[in-house]
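The structure appears right after this line, and notes come after that.
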Number of protein chains: 2
Amino acid sequence: MGHGYKYYKGSDRKVLQAVLRDKDFYSTEGRLQLLSFLKKASAPVSVPEVTKQIGKNLVEANVYRALEALADAGVLARSDIRRGGAHYEYPHSHHHHIVCSNCGHTEEVEDCGGKSMERRAFRNSESFAEVRTHALEFFGLCRACAHAR
Amino acid sequence: MGHGYKYYKGSDRKVLQAVLRDKDFYSTEGRLQLLSFLKKASAPVSVPEVTKQIGKNLVEANVYRALEALADAGVLARSDIRRGGAHYEYPHSHHHHIVCSNCGHTEEVEDCGGKSMERRAFRNSESFAEVRTHALEFFGLCRACAHAR
DNA sequence: TTTAGTGCAAAATCTTTGCAGGGTA
DNA sequence: TACCCTGCAAAGATTTTGCACTAAA
């Protein structure tokens, strides 16, 4: 069995181009900007945020289309973080998040044994042909918000 | 340590009234209808869906307020299920869902060792004072959609 | 040249907010 | 009575859609 990733050589831009081609996406300027931006971001970002930060080169409607497609293809990870809509991030590693219910502060959580959970969920399911992915989020109170009570 | 639930005697309505009072909510007609509806539902439901189904007795703005408050108090469970906004359900038991990415078909998944995951996430976190809950969803393809390819 | 991606504009959905009046403890 | 809850109305945020045009393969 393979190792599950590809070794891309070259500059960041070329890496991202290769990622896109590998998934049968046209390698366009807009998508390269999106991926590049998300690759540098340190937390999941919402569509309006991405759009605003990148500037006028991209239209919001299209960012929705692009990020959703990239997430469906597994190039990006989507998390529903209970703060106004879907958030996306570049999955440097497989992980999840703890989110402060009060202020939205986010911290990464290392892997949870996700693949084995997926396998178990699939085995016990009655009507599913495959399980492709999962989403896991923890919610609580960060120390700052806990103090402010 | 306790067993984590209360034994309520009496009719459904009285049970729900007790649940509400127990959490310091006023026991109002609107909330009783919401809880009663969700208790019978077989899958997580969105706010617009609940509102439409229950009828004119409730205003959407209020359903948002009520369900969010009840979820925060632990009376309901919220799942962000990648289908247009938050969904709520009456937690007959602690469980999660597998959702078909194609058609939205939903099936329940038994518990995942959630409490121990929460404890582990909390222990490894750097800036959190507590972890209260978690959300976990699996995504895949149901058999019907897999065949239709 | 064939197919996919994009900008633009409009609409549909989902959600929040403020406030005055009515219900619950 | 005191406080919470609700309806109403309005605004804000998020997301989807159609279509003509452009860019990538």
Side-chain angles (χ1 to χ4, degrees), chain A residues 13-14 16-37 44-73 75-76 78-88 101-104, chain B residues 13-14 16-35 37 44-73 75-76 78-88 101-102 104:
Chain A
R13 183 183 185 86
K14 289 191 177 170
L16 296 178
Q17 287 176 333
V19 169
L20 287 172
R21 280 196 301 262
D22 188 50
K23 299 282 187 179
D24 292 322
F25 285 108
Y26 280 13
S27 167
T28 66
E29 189 55 32
R31 294 211 260 242
L32 289 171
Q33 285 196 39
L34 286 173
L35 289 182
S36 174
F37 176 82
V45 194
S46 73
V47 170
E49 282 164 358
V50 183
T51 312
K52 198 173 303 173
Q53 302 243 13
I54 289 191
K56 286 287 182 248
N57 296 327
L58 286 171
V59 164
E60 209 156 61
N62 222 41
V63 177
Y64 277 102
R65 286 189 271 228
L67 296 188
E68 189 186 355
L70 291 168
D72 285 348
V75 177
L76 294 177
R78 168 171 36 201
S79 57
D80 297 313
I81 231 168
R82 291 188 186 167
R83 311 222 108 226
H87 287 59
Y88 296 87
S101 302
N102 191 239
C103 72
Chain B
R13 182 183 185 84
K14 288 192 179 172
L16 295 178
Q17 288 176 331
V19 169
L20 287 171
R21 280 196 301 261
D22 188 48
K23 299 282 186 179
D24 291 321
F25 284 107
Y26 279 12
S27 167
T28 66
E29 189 56 33
R31 294 211 261 240
L32 289 171
Q33 285 196 38
L34 286 172
L35 289 182
F37 175 83
V45 194
S46 73
V47 170
E49 283 165 359
V50 182
T51 312
K52 198 173 301 172
Q53 301 243 14
I54 289 191
K56 287 286 182 249
N57 296 328
L58 285 172
V59 164
E60 209 157 59
N62 222 42
V63 177
Y64 278 103
R65 286 190 271 229
L67 296 190
E68 189 186 354
L70 290 168
D72 285 347
V75 177
L76 294 176
R78 167 171 36 200
S79 56
D80 296 313
I81 223 170
R82 290 187 189 170
R83 312 219 107 229
H87 286 59
Y88 296 87
S101 302
N102 192 238

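Just so it is clear: chains get the letters A, B, ... in the order the sequence lines come, proteins before strands, and each one is counted from 1. Note that the structure is a prediction, hence the values are computed from the model and not measured.
Of all heavy-atom pairs between B/Leu20 and B/Tyr26, the closest is CD1-O, 4.3 Å. Contact record, B/Pro44 with B/Ile81: CG-CD1, 4.0 Å, taken as the closest heavy-atom pair. In plain terms, the two heavy atoms of A/Ser27 and A/Gln17 that are nearest each other are OG-CG, 3.4 Å. Summarising the geometry of A/Ala66 relative to A/Leu34, their closest heavy-atom pair is CB-CD1, 3.7 Å, with the distance given to 0.1 Å. Nearest heavy atom pair, residue A/Gly30 against residue A/Leu58, reads CA-CD2, 3.8 Å.
Formation of a donor-acceptor pair under 3.5 Å by the B/Arg82 side chain with backbone atoms of A/Arg78 is found in this model.
For the segment residues 60-68 of chain A, residues with any heavy atom less than 4.0 angstrom from an atom of DNA chain C are, sorted by number, A/Ala61, A/Asn62, A/Arg65.
One can place CZ of B/Arg31 at 11 Å from C1' of C/dG23, the figure rounded to the nearest angstrom. When the P atom of C/dG5 is taken as reference, atom CD of A/Gln33 falls 16 Å away, rounded to whole Å. Here D/dT14 presents its P atom at 17 Å from CZ of A/Arg82, a figure rounded to the nearest Å. Residue A/Arg78 contributes atom CZ, which lies 14 Å from atom C1' of D/dT14 at whole-angstrom precision. Protein atom CD1 of B/Ile81 is 19 Å distant from nucleotide atom P of C/dT13, rounded to whole Å.
Between A/Leu16 and A/Ser36 there is a side-chain heavy-atom pair separated by less than 4.5 Å. Between A/Phe25 and A/Val19 the shortest side-chain heavy-atom distance does not fall below 4.5 Å. Using a 4.5 Å cut-off on side-chain heavy atoms (C-beta onward), A/Leu76 and A/Leu35 make contact.
When the nucleotides C/dG5, C/dC8, D/dG7 are ranked by their closest atom to the side chain of A/Val59, C/dC8 comes out on top.
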(message) So if I define the base as every atom that isn't primed, P, OP1 or OP2, how would nucleotides 20-25 of chain D read as a B/S/- string at a heavy-atom cutoff under 4.0 Å?
(response) ----BS
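In this structure, A/Ala86 and B/Asp24 both approach DNA chain D, and ranking their closest nucleotides by distance from the 5' end singles out B/Asp24. Looking at which nucleotide of DNA chain C each of B/Arg83 and A/Asn57 is closest to, the 5′-most match is held by A/Asn57.
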